[in-house]
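Here's the structure we're looking at; comments come further down.
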Amino acid sequence: MIATAADIVRKAIENCKRATTIKTEDLPDIIIEKPKRDEFGDFATNVAMLLAGKEGKPPRQIAEAIAKEIRQIENIKKVEVAGHGFINIFMDDEYWLSLLKEVHNLKEKYGTSDAGSGKKVQVEFVSANPTGPLHIGHGRGAAVGDSLANILKAAGYKVVKEYYVNDAGRQVYILGESVRKRMEELQGKDVEFSDDYYKGEYVKEIAKDFLAERSSAGKAQSTSTVQDFACEAMLERIKKDLQDFGVEFDNWFSEKTLEDEGLVNNAIEELRKNGYIYEDEGAVWFRTTQLGDDKDRVLIKADNEKTYFASDIAYHKKKAESGFSTIVNIWGADHHGYEARVRAALKAFGYDDNILKIIFIQLVALLRNGVQVPMGKREGEFVTLRQVIDEVGKDACRFFFLMRKSDAQLEFDLELAKKQAPENPVFYVQYAHARICSIIKHAKENGISLPTTEGVDIKLLSLKEELDIIKKLASFPDIVKGSAIAMEPHRITFYLQELAGLFHPYYNKNRVVADDKSLTNARLYLCEAVKRVMQNGLKFLGVSAPEEM
RNA sequence: GCGCCCGUAGCUCAGCUGGAUAGAGCGACGGACUUCGAAUCCGAAGGUCGCAGGUUCGAAUCCUGCCGGGCGCGCCA
C-alpha cells in the first residue's frame with residue numbers, strides 16, 4: 001500500500017517526539033484536508049494548531065518542526081508552513097503516478113477499504129405497506145438504501161438489507177375487504193365503497209386474479225384467505241418493481257411472524273418487568289416519556305387490539321438482539337415523529353440507542369416542463385415508481401434520486417432526466433464512460449493494444465489536466481470511505497460528476513490516440529483508469545456504465 | 001404551541017466531523033466540428049452563506065434568539 005497523507009504526517013510527528021521537539025502524548029486526530037487552492041498544496045493539516053495549546057508553543061513553531069520531519073519522507077516535493085500554522089504538503093509526481101497504478105492493480109476493488117472491519121450493519125428500507133404500489137418516495141428510499149448498502153460493503157462492513165413487511169393490522173385488512181368488494185362488483189353485485197377503502201386499479205386486477213385462480217375452489221372465501229391473497233399479490237408487484245429498479249433484499253421480514261411467535265407479548269412483558277408499563281382508561285401504555293419521548297404511547301388499545309407501535313418495539317428489540325453494530329432505518333421524513341419512541345423502546349430494553357441510525361428521506365417533487373406534477377395520495381393520483389422507471393429509465397431514476405442528500409427535498413425534472421445532453425448529469429457521466437470505451441475501441445482498431453503497468457511510461461502524463469485527473473482518481477477511496485461513514489451516498493454522485501467534468505475537457509483539448517506511441521500508451525493507461533473508477537462508482541449507485549449510448 | 005428538517009449565485013444544489021480569498025451545474029450571452037463520439041468543449045458574468053448575537057486563533061459549519069418554507073404532534077398505519 002502507498003502511504004496516505006495521514007500516514008506521512010503521523011510518521012513525522014512520531015519523529016518529532018523522538019527528537020523531543022514535541023512532548024504531547026495523546027495526539028489529536030490527524031485531519032488531512034484537500035485545500036481548495038492549489039497553492040496550499042495537495043494536502044494540508046492543522047495538527048500544529050491543535051497541538052499548540054498542549055505544547056504551550058506558538059503553532060507556527062510546531063508546524064515548522066513537523067514540516068522539517070515531513071521533508072525527510074520520500075515522495076515529498078515541498079512542505080510549507082502557512083497562515084496561522086497550516087502545514088501544506090506537496091507530493092511529487094512519482095507519488096501520484098504510483099497511485100494511478102493502484103487503480104489498475106486493484107481493478108474492481110479500487111475504492112474499497114476495510115474501514116468497517118467486518119462489522120455487521122443492517123439496513124432496513126422501503127418497507128412500504130403491501131396495500132398499494134410503490135410510489136416515487138419509496139423509490140428514493142430504495143435508491144438510497146440500496147446504494148448505501150453497496151457503499152458500506154465496499155467500505156468493509158457486512159451488510160444485511162431488510163424489508164419489513166406490514167402484513168398485519170388494519171391496513172391489510174382493508175386491502176382484503178377492498179378486493180372482496182371489487183370481486184362482488186365483478187360478479188355483478190351493486191357495491192358501495194367506504195372512504196377508507198383502496199380504490200386503485202390494482203385492487204380490481206387483484207380481484208380479477210383471485211376470481212380466476214380461486215373461485216373454483218368454492219364460493220365462500222374467508223376474510224383471511226382474500227386478505228392473504230391480496231397481500232401476497234401486492235408484495236409480488238412490489239418485488240417486481242424493486243427488481244426492475246435493481247434492488248434486491250436479503251430479508252423480507254414479516255410483521256405477522258412477530259405476533260405469531262409471541263414476540264410482541266414478550267416485548268411488552270419485558271417492558272412491564274422493567275417498570276415501563278401502566279394501564280389507563282382500559283389501554284396499556286408504555287411510559288416513553290421517561291426515556292426522552294414527549295408523550296407516552298399506547299401499546300394495547302381499549303378494544304384489545306395492539307397498535308402498530310407494539311409490533312415495532314418487538315421488531316426493534318429483535319434487531320438489537322441480532323448482533324448488528326449498527327441498525328439503519330430509512331424512513332420517509334413524515335415519520336420523524338416516530339424516532340423518539342423507537343429510541344425509547346431500545347433504551348427500555350437496555351440497549352444503547354446509538355446503535356440506531358435513522359435516515360430520513362425528504363419529499364420528491366416531480367417536475368414536468370418546469371411545472372410540479374400534483375401528487376395527492378387520494379384517488380390514485382400519486383405517481384408510481386413504475387411510471388417513472390418506464391418514462392426515464394432505471395439509470396436516470398436512480399441517479400436523480402441520489403443527486404441530493406437525503407434530508408433535502410429533491411426536484412426531479414422528468415424532461416431533464418430523459419435528455420441526451422450534457423445538462424443531464426446522468427447522461428454526462430455515462431457519456432464519459434462510453435466515450436472512453438469508444439477511444440479504446442478506436443485504438444484497438446488501429447492495432448494498438450492496451451498498455452500494461454509494466455509497458456507504460458507514465459511519466460509522460462505531465463500535463464496539469466492529467467495530474468488533476470490522477471489526483472481525482474486517487475481521492476476516490478477516501479470519498480467512498482467518507483460516504484460510508486457519513487452514510488451519504490450522494491457524495492459518490494457528486495464525485496462522478498466532477499470526474500466526468502475533468503475528463504471531457506481533457507479529451508477535447510488533447511488527443512489520446514496519436515502518432516507518438518509512448519504518449520498514446522500513457523494516455524490510454526490513464527483513460528482505462530478513469531473508466532475503471534467510473535464503473536466502480538456507478539456500480540455503487542446501481543447505475544449502468546454503458547459501452548456505447 | 002412543541003419537536004425535526006431546510007434556508008448558500010437568477011434556478012437547482014455541494015461545501016467532507018470548525019480552517020486559508022465560499023464552489024459546481026444549469027440558465028442567459030459570445031465562441032469552437034477535414035482528426036479518437038460537437039451526445040462535447042472554451043470564455044467572461046453572477047454572493048450581506050435568511051437576520052441578530054455568542055463560543056475561539058479561526059464559523060456557511062457549533063450554541064442561543066428571531067424570520068421564512070416543509071413535515072410531524074391519534075387508543076391511525
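Quick caveat, the model's predicted, so the values are computed rather than measured. Order of the sequence lines sets the chain letters (A, B, ...), proteins ahead of strands, with each chain counted from 1.
- Residue A:A421 is in sugar-phosphate contact alone, with no base atom involved, counting any heavy-atom pair closer than 4.0 Å across all strands shown.
- Picking from B:U21, B:C36, B:C75 the nucleotide with the shortest atom distance to the side chain of A:A302 gives B:C75.
- The base of B:G3 is paired with the side chain of A:H336 by a donor and an acceptor separated by under 3.5 Å.
- Nearest nucleotide to the A:A82 side chain, out of B:A77, B:C36, B:A20: B:A20.
- Going from atom CD1 of A:I32 over to atom C1' of B:G19 covers 13 Å, rounded to whole Å.
- Note on A:T307: only backbone sugar-phosphate atoms sit closer than 4.0 angstrom, heavy atoms only; bases stay farther off.
- Using a 4.0 Å heavy-atom cutoff across all strands shown, A:D296 reaches no nucleic acid atom at all.
- Within the 4.0 angstrom heavy-atom criterion, base atoms lie near A:A44.
- Across the protein-nucleic acid pair, A:Q497 atom CD and B:G15 atom P stand 13 Å apart, rounded to whole Å.
- If you check every strand for non-hydrogen atoms under 4.0 Å, A:R491 touches sugar and phosphate atoms only.
- Atom NE2 of A:H490 and atom P of B:U12 are 17 Å apart (whole Å).
- Between the side chain of A:N46 and the base of B:G19 there is at least one donor-acceptor pair of N/O atoms closer than 3.5 Å.
- Note: A:F360 and A:H336 have perpendicular aromatic rings, judged against thresholds of 30 and 60 degrees for the angle between ring planes.
- Distance CD (A:Q362) to P (B:C4): 14 Å, rounded to an integer number of Å.
- Straight-line distance from the CZ atom of A:F86 to the P atom of B:G18: 13 Å, rounded to whole Å.
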